[in-house]
Amino acid sequence: MKNELEDIDGSLLDIVDHVLTKGVVVTGDLMLGVADIDLVYLRLSAVLCAADRIFGPQKKKRSVARTPAGRRPMIAKKMNQRRK
Amino acid sequence: MTSLVLYAIVDRAPRGTLGKGLSVVRAAGTHVVVERGTAREVTAASVRAYDRVVRRISRACDAVLPFRFGSVVSDRSALASLLEPIADAVERSLALVRGCVQYTIRVHGRAAAIAPSRGKGPGTRFLDARLAAQRVVEIAPVTAAVAPYVRATRVQRHDRPPLLASVYHLVAREDLRRYRAALAKSTALLAKSVRITPTGPWPPYAFAEVP
């Protein structure tokens, strides 16, 4: 088989972009203690990557918000009527 | 603590030696290229080194699924328990990338104006939007020209001019020469407001996602 993969002309930026496209796994150790006494040991393993690689592309916001917050003025209006 | 640094899942034991420190372990019915050691820091040198290793593996194996950079496990049993639940998906992904390399096309320029889908219901509009996100109409002549040589495509629209999109093509190794020729020929057909930057061949980084 011919070694096509040898003749790459990618820059460092290209390489970083391709290698880290799925994100990066960061590991670490954390020790919690009080007065020099170690109490809790945590071994962390986290994935750092663009949110859209995990959650998918963000949905566009609706132009007209139909949230409960939009009805507040009506409630306020009724309360004002009661006060009167 | 010494762990196993994970480089790639491969379909079978590689031809020849992969290099100092690298070994192949069997886990969940597949082969995994590993190195004894601790997780690497994210530096330019370590990313380059990782890419060199994955390239070496890709030259020695037909099907390669690179791991996420920095992936480590404590031992072989941890690796097996990581892969066992996704063994079927790994097999499907290996079948997809077998004998293929990746070409990446960055698309720069001015985005093409797409007519809004008026007079249609919300469902159709939603599906139209989903379809538009998977298409790069700006490079339609290139897409049509290379289509016979592309086994799979992944599109990522950026829409942050001048960078419009990244298009990843999975190309069979035996079609690579024809793919390049078609790519070079069709570039001349692009609109003047659009420019593409193809790079490759790469190991199939963009196709190494296991659902």
Side-chain angles (χ1 to χ4, degrees), chain A residues 1-34 36-71, chain B residues 1 3 6 15 38-52 54-62 64 66-74 99 101-102 104 106 126 129-130 133 154 156-157 166 168 171 173-174 176-177 180 197-206 208-209:
Chain A
M1 187 186 303
K2 191 175 172 258
N3 291 336
E4 303 92 354
L5 284 152
E6 278 177 357
D7 42 58
I8 180 66
D9 52 355
S11 63
L12 174 63
L13 186 64
D14 258 330
I15 292 170
V16 169
D17 186 62
H18 281 87
V19 171
L20 303 186
T21 184
K22 290 182 294 179
V24 57
V25 180
V26 179
T27 54
D29 300 300
L30 182 66
M31 191 76 81
L32 301 177
V34 176
D36 285 340
I37 300 169
D38 296 333
L39 297 176
V40 178
Y41 168 74
L42 295 172
R43 188 161 192 217
L44 303 171
S45 187
V47 177
L48 303 179
C49 72
D52 63 351
R53 300 311 303 269
I54 294 177
F55 301 116
Q58 273 194 326
K59 289 175 184 173
K60 286 184 180 173
K61 286 181 183 173
R62 298 172 70 120
S63 55
V64 180
R66 294 181 183 175
T67 59
R71 292 197 287 268
Chain B
M1 190 173 74
S3 312
L6 309 178
R15 295 176 288 270
T38 51
R40 310 283 185 264
E41 283 184 31
V42 188
T43 62
S46 63
V47 170
R48 264 193 194 279
Y50 172 86
D51 180 60
R52 272 198 299 272
V54 174
R55 268 170 200 284
R56 214 180 303 148
I57 297 166
S58 298
R59 287 197 294 268
C61 301
D62 285 340
V64 177
F67 271 99
R68 186 175 274 127
F69 180 89
S71 298
V72 290
V73 291
S74 53
V101 289
Q102 176 187 314
T104 302
R106 308 281 184 207
F126 171 76
R130 290 284 300 266
R154 229 199 85 215
Q156 192 179 4
R157 280 210 75 100
S166 298
Y168 306 96
V171 184
R173 292 175 199 229
E174 63 264 22
L176 210 48
R177 191 174 295 173
R180 283 184 189 134
T197 314
T199 60
W202 297 92
Y205 286 118
E209 289 184 354

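Chain identifiers are assigned alphabetically (A, B, ...) following the order of the sequence lines, protein sequences preceding nucleic acid strands; residue numbering begins at 1 within each chain.
With respect to B/Val47, the side-chain contact (heavy atoms from CB on, under 4.5 Å) criterion is satisfied by exactly one of A/Asp17, A/Val24, A/Val19, A/Leu12: A/Val19.
Heavy atoms of B/Glu41 lying under 4.5 Å from chain A are absent altogether. Only the side chain of B/Val42 comes within contact range of chain A, with at least one heavy atom under 4.5 Å from a heavy atom of that chain. Contact annotation for B/Arg157: neither backbone nor side-chain heavy atoms come within less than 4.5 Å of a heavy atom of chain A.
For A/Val25 against B/Ser71, the heavy-atom pair with the smallest separation is CG2-OG, 3.6 Å.
Once rounded to the nearest 0.5 Å, the distance linking CD1 of A/Ile15 with OH of B/Tyr50 reads 13.0 Å.
Using cut-offs of 30° and 60° for the angle between ring planes, the B/Tyr168 and A/His18 rings count as perpendicular.
Note on B/Arg106, B/Arg56, B/Arg40, B/Gln102: by heavy-atom pairs under 4.5 Å with chain A, the leading option is B/Arg106.
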